[in-house]
Amino acid sequence: MVRPGVLTLAVVALLSTALVGCAHVPDSGPAVPIAIPGASQSSEAELGSVNTQLPDPTDDAEKSVGAYVSALVNTRNPVSLGDKYLAAQTRNAFNQNPSTVVVRGDIQTAVAPALNGSDATTATFRAELVGTVDSGGIFREQENPDWQVQVRIVKVKGVWLFAEPPPIIVTADRFKDSFPPYTVYYAAAPSAITGTNPRLVVPEIRYVNEDIGSQPNQIVDFVLSGPSTELSRVAQNPMEKIKRTRRVAFENGDLIIELEPEAESVDKDALNAFVAEVGWSLSSSFQGAVRLLVGGRPLDVKGFSATQPQSLWRRYNPAVVNRNLPSFYVKNGAVQILSPAGAVDPDRPKLKRPVVMKGVHSAAVSLDLTRMAVVRDEPGGGQRLWIADATGFLQPTLRAPEIGRPSWGGGRATVAVPIDGRVYQVGVGNAAHPTEIRVVAPGGSRLTDVTSFRLSLDGVRALLINGTGSSARLYYGTLTGSTGGALVLTVRELQVDGVPRDVSWRDLVTAAVPVERANGRISLVIAPVDGAPARSQQSSDRSAPYPTTVRVTADPTANPESAVPLEVGGKIVDLSVNSRPENPDRPGSAPFYPG
C-alpha cells in the first residue's frame with residue numbers, strides 16, 4: 001500500500017498550520033466500433049485467418065445455425081461472421097449495428113420446418129440473458145432468464161444463410177477475456193460544478209471487442225459516438241455526427257486521426273475538447289502529439305492547431321494524479337499518516353505530531369493537500385464538522401447528532417458530507433451557509449438516509465450508501481445543477497452480494513465496497529460503476545456483525561494501490577485485491593486517501 005515519494009511542501013504546511021489552528025479552536029454483445037464507409041475494421045489477412053477456423057454453412061438449416069453458434073466460440077467479429085453466415089444483402093446492416101448479447105450457460109437453437117420445400121424459414125435462439133453491449137461499447141445489465149430472439153434464414157445457392165442479422169452472443173465466462181473494459185474519456189458539460197467553459201474530461205468504462213482487431217480504432221470511435229445516456233447528464237459530445245475516415249495511426253510517437261471534412265466546420269473549443277478526449281483515452285499508447293487530418297492534410301480551423309502537444313490537451317485534467325499521495329487514518333482521536341506495519345519507506349517523512357489533538361471521528365484532505373475537513377465529537381454530545389483553509393485555521397460549521405465522513409472529490413472549495421441522512425455541500429469560505437444536495441433515485445423518489453458518501457475526483461459523479469443494517473443499498477450517480485440552483489445527484493442502484501457497509505472509489509471507474517455476508521464475515525467487493533456486475537471480491541476473514549464500524553479507503557487515482565486499508569471495529573487491516581490480507585490488525589480507524 002505504501003507509495004514511495006516525498007511528502008509535498010503543501011501537505012507539510014497543512015499539517016503544521018493545522019496544529020497552529022488548533023490553538024484557536026475550542027474543544028468540540030461485443031463492443032463493435034461505428035462503421036466508417038470505406039474503412040476496414042480488420043485486415044484481409046486477419047479475416048482470412050479467422051474464416052479458415054469457422055465451420056461452413058450447409059444445405060441443412062439446423063446444421064448451418066449450429067455452425068454459426070460454434071463460430072461464436074472463435075470470434076465475435078461481425079465482418080468474419082457476416083462473410084460466412086449472412087446473405088449478401090444483410091451483411092452491411094449486420095456490420096453497422098449488430099445485436100450483441102451476453103448470456104449465462106448454454107445457447108439453445110431451434111429451426112422451424114420449411115413449409116412445402118420453401119427456401120425460407122426461421123431460427124430461434126434461446127438463453128439466459130445477462131446484458132447487452134451496444135456498438136459504442138456500452139454494457140447494460142438486462143437480466144432475463146427467458147430471453148429469446150427469432151431471425152429469418154434463407155437458402156442461397158444450396159446453403160442456408162441468415163436473411164436477418166442474428167445476435168452476436170458471448171457467454172458470461174468468456175466475456176472478460178473477449179471484451180476487456182477500457183477507460184474512455186468524455187468532455188464535461190457546463191454546469192454549476194464544472195463552470196461555463198469546463199476543461200475537464202470524465203471517465204467511463206467501454207468494452208473493447210478483442211476479435212475486431214485495432215483497439216485504437218475502437219477507442220476513437222467510442223469517443224466520437226459520445227457519452228452514454230447516463231453520463232450525458234454531466235458530459236457532452238463536442239464532435240457530434242463527425243466520423244473518422246481512416247484507421248488510427250501512430251507515427252514518430254504521435255497519434256494521427258483523420259476526420260471527415262465536416263470537422264473543419266467545428267469551432268476550436270470543440271476540437272480542443274475532442275483532442276483531450278482521445279489524448280487521455282489513448283494516453284498509454286503514445287508519447288507525442290495528437291495530429292488531426294482532413295483529406296490527408298492538417299485540419300484547418302482558425303485559432304486551432306492541428307498538431308496538439310501533450311502540454312495542451314493534458315490541461316483537461318480528468319483528475320488523474322501523477323504523483324504519490326500519502327494515506328491517513330485516525331488514531332486516539334487524531335489524524336495521522338498511515339504507515340503499514342512492517343513497511344519501510346525512508347523517503348516519506350514521519351509525522352512528528354498529530355494534526356488535530358483530540359476528538360476526531362473522521363476526516364478528509366483535499367486532493368491538492370491544502371484543505372482539511374474533520375468531524376469531531378462534541379463534549380456536550382453529538383458531532384461537529386470543522387473545515388481548515390489554506391492557513392490551517394479550523395472553522396466550526398454544522399453540528400448534528402451524527403455526521404458521516406467528508407468528501408472533497410477533486411475540489412478544494414467545498415466538501416460534501418452526509419448529515420443526519422442528507423447530503424450537504426459546505427464551502428471553505430462560506431461554511432455557515434451549507435446547501436443540500438438532493439439525492440434522487442429511479443422513479444423520482446428522494447434518498448434521505450445516506451450513511452456513506454464519496455465524490456469522484458472529477459467532482460461530477462458520486463457513490464453512496466443509503467440505509468443501515470439489512471436495508472442498506474449501494475448507489476452510483478451523476479451530479480448536476482444550474483448556477484445558483486440546488487445540486488441534484490441522480491442515482492441508480494449497484495448490486496453487490498451482501499450488505500454494503502461503506503464505499504470508496506477504488507479508481508476512476510470502480511468502487512471498493514466492504515460487504516457483510518450472511519455469516520457476519522466482511523468481504524471486499526470491487527464493483528464497476530458502469531457496465532458488468534460486480535464479481536471481484538476478497539474475504540477479510542473478519543467477523544463484524546452490525547453495528548460494528550466498518551470503513552474502507554481505496555486509492556481513487558488511475559493507478560490504485562494493490563492493498564486496500566479496511567477498518568473493522570477500530571482496527572485496520574490491509575486487504576490485497578488479489579490475495580489474503582497483507583498485514584495484521586493494528587489500532588486505528590477511518591483510513592483515507594486525499595479526495
Side-chain angles (χ1 to χ4, degrees), residues 29-33 35 41-42 44 46-115 117-135 142 144-175 177-179 207 209-213:
V32 180
Q41 301 295 347
S42 300
E44 292 182 3
E46 289 173 334
L47 294 179
S49 174
V50 171
N51 284 340
T52 60
Q53 304 173 29
L54 305 182
D56 293 323
T58 72
D59 59 358
D60 184 296
E62 290 187 0
K63 290 182 179 179
S64 286
V65 174
Y68 174 76
V69 173
S70 297
L72 292 174
V73 175
N74 296 314
T75 184
R76 266 67 51 182
N77 189 323
V79 178
S80 298
L81 296 170
D83 287 347
K84 198 83 169 181
Y85 304 104
L86 272 69
Q89 66 271 22
T90 310
R91 291 171 190 166
N92 187 56
F94 186 68
N95 294 344
Q96 291 282 344
N97 190 25
S99 173
T100 304
V101 295
V102 182
V103 303
R104 186 180 292 111
D106 296 332
I107 304 168
Q108 299 177 356
T109 62
V111 176
L115 299 178
S118 172
D119 287 342
T121 185
T122 59
T124 301
F125 296 84
R126 293 186 180 89
E128 181 182 348
L129 183 66
V130 174
T132 63
V133 184
D134 67 15
S135 60
Q142 295 185 24
N144 182 359
D146 300 317
W147 171 82
Q148 69 176 36
V149 64
Q150 187 179 85
V151 296
R152 194 164 59 93
I153 58 175
V154 295
K155 200 170 189 178
V156 180
K157 296 181 180 180
V159 298
W160 287 92
L161 302 174
F162 290 98
E164 294 176 324
I168 293 181
I169 306 174
V170 59
T171 56
D173 59 342
R174 291 178 175 270
F175 180 66
D177 294 331
S178 300
F179 308 108
Y207 290 88
N209 186 347
E210 289 287 283
D211 295 319
I212 284 180

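Below, all heavy atoms of this structure are taken into account, side chains as well, without hydrogens, waters or symmetry copies. Since this is a predicted model, take the numbers as computed values, not measurements.
- For Ser178, the side chain to side chain donor-acceptor pair (under 3.5 Å) partners two or more places apart in sequence, or in a different chain, are Arg76.
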Distance-only donor-acceptor hits, side chain of residues 151-168, under 3.5 Å, sequence neighbours excluded:
residue, atom, partner, partner atom, Å
Trp160, NE1, Asp59, O, 3.2
Glu164, OE1, Arg152, N, 2.8

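- The closest side-chain heavy-atom distance from Arg174 to Val73 is below 4.5 Å.
- The distance from the CD atom of Gln150 to the OG1 atom of Thr121 is 8.0 Å, given to the nearest 0.5 Å.
- The pair Asp56-Lys84 meets the salt-bridge criterion, since a charged nitrogen lies less than 4.0 angstrom from a carboxylate oxygen.
- Checking side-chain atoms of Ser64 against main-chain N and O of Thr58 turns up a donor-acceptor pair under 3.5 Å.
- For Asp173, the CG atom counts as densely surrounded, since its 6.0 Å shell holds more than 12 non-hydrogen atoms of other residues, nucleotides or ligands.
- Taking CD1 of Ile169 as the start and CG of Leu72 as the end, the distance is 6.0 Å to the nearest 0.5 Å.
- At distances below 3.5 Å, not a single donor-acceptor pair connects side-chain atoms of Arg126 with backbone N or O atoms of Gln108.
- With values rounded to the nearest 0.5 angstrom, Tyr85 atom OH is found 16.0 Å from Thr90 atom OG1.
- At a threshold of 4.5 Å between non-hydrogen side-chain atoms, the residues Asn209 and Asn77 do not count as touching.
- Atoms OG1 and CZ, from Thr171 and Arg104 in turn, are 11.0 Å apart once rounded to the nearest 0.5 Å.
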